Amino acid sequence: MLDKRMQDAINDQINWELYSGYLYLSMAAQFSEMGMAGGQNWMTVQYQEELSHAQKMFDYVTTRGGRVTLEAIPKPQTEWAGGLDMFKEALAHEEGVTARIFDLASLALEIKDHATHNFLQYFIAEQVEEEESAGDMVQKFTMAGDQPGGLYQLDKELAARVFTPPAPAA
Ligand SMILES: [Fe+2]
Ligand SMILES: [Fe+2]
């Protein structure tokens with residue numbers, strides 16, 4: 001049975017994963033508006049990843065006999081100056097998510113919930129990738145600057161990203 005404090009903290013993170021998805025879907029809309037179909041695709045894949053994170057946590061809570069309670073999802077920002085701004089925000093957002101996941105892991109250790117601590121290892125590893133991929137895009141958009149040729153090439157690269165669902169929990 002899941003400790004009430006742990007359950008509440010994971011429920012809060014489920015909401016935050018859904019908000020993350022909402023934020024990236026909002027960025028997908030902005031890329032669409034800018035005529036960058038590749039950027040739209042990248043952000044849509046990111047949105048799908050965040051939904052899968054929320055689902056994974058949902059499944060964990062219910063597997064442990066806990067109760068999932070859903071809260072309102074905050075309204076995301078809807079406009080950015082351009083691709084670089086979006087990826088800078090994505091990077092800052094992911095750094096914040098990493099801190100939240102670390103707090104969850106710390107709580108799990110504090111209450112000696114080793115099952116949850118083990119479950120969270122997936123997200124700890126995932127956050128390393130999340131920060132790396134957003135940081136990589138900040139670098140690339142910085143290099144492309146305002147050059148149409150560079151942005152065109154970059155958009156083609158972003159178009160290649162595909163969503164791979166995470167492996168189901170063992
Ligand atoms: Fe996530
Ligand atoms: Fe993320």
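Throughout, residue positions are numbered sequentially from 1 according to the sequence presented. Bear in mind the structure is a predicted one, so any value in this text is a computation, not a measurement. Each ligand, and each atom within it, is numbered from 1 in the order the structure gives. Both backbone and side-chain heavy atoms feed into the values below; hydrogens, waters and symmetry mates do not.
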Here the vertex angle at the Fe ion (ligand 1) for ND1 of H53 and OE1 of E17, given to 10°, is 100°
With rounding to 10 degrees, E94 OE2, the Fe ion (ligand 2) and E130 OE2 define an angle of 110°
What do you reckon, is CD of E95 surrounded by more than 12 foreign heavy atoms closer than 6.0 Å?
-> yes
Enter the distance from I10:CD1 to E17:CD here, rounded to the nearest 0.5 Å.
-> 11.5 Å
The atom name of the N, O or S atom in E50 nearest to the Fe ion (ligand 1) is OE1
Report yes if the side chains of E89 and M27 come closer than 4.5 Å at any heavy-atom pair, otherwise no.
-> yes
Sole candidate of F31, Y24, F87 that passes ring-ring contact (aromatic ring centres under 6.0 Å, His included) when paired with W42 | F87
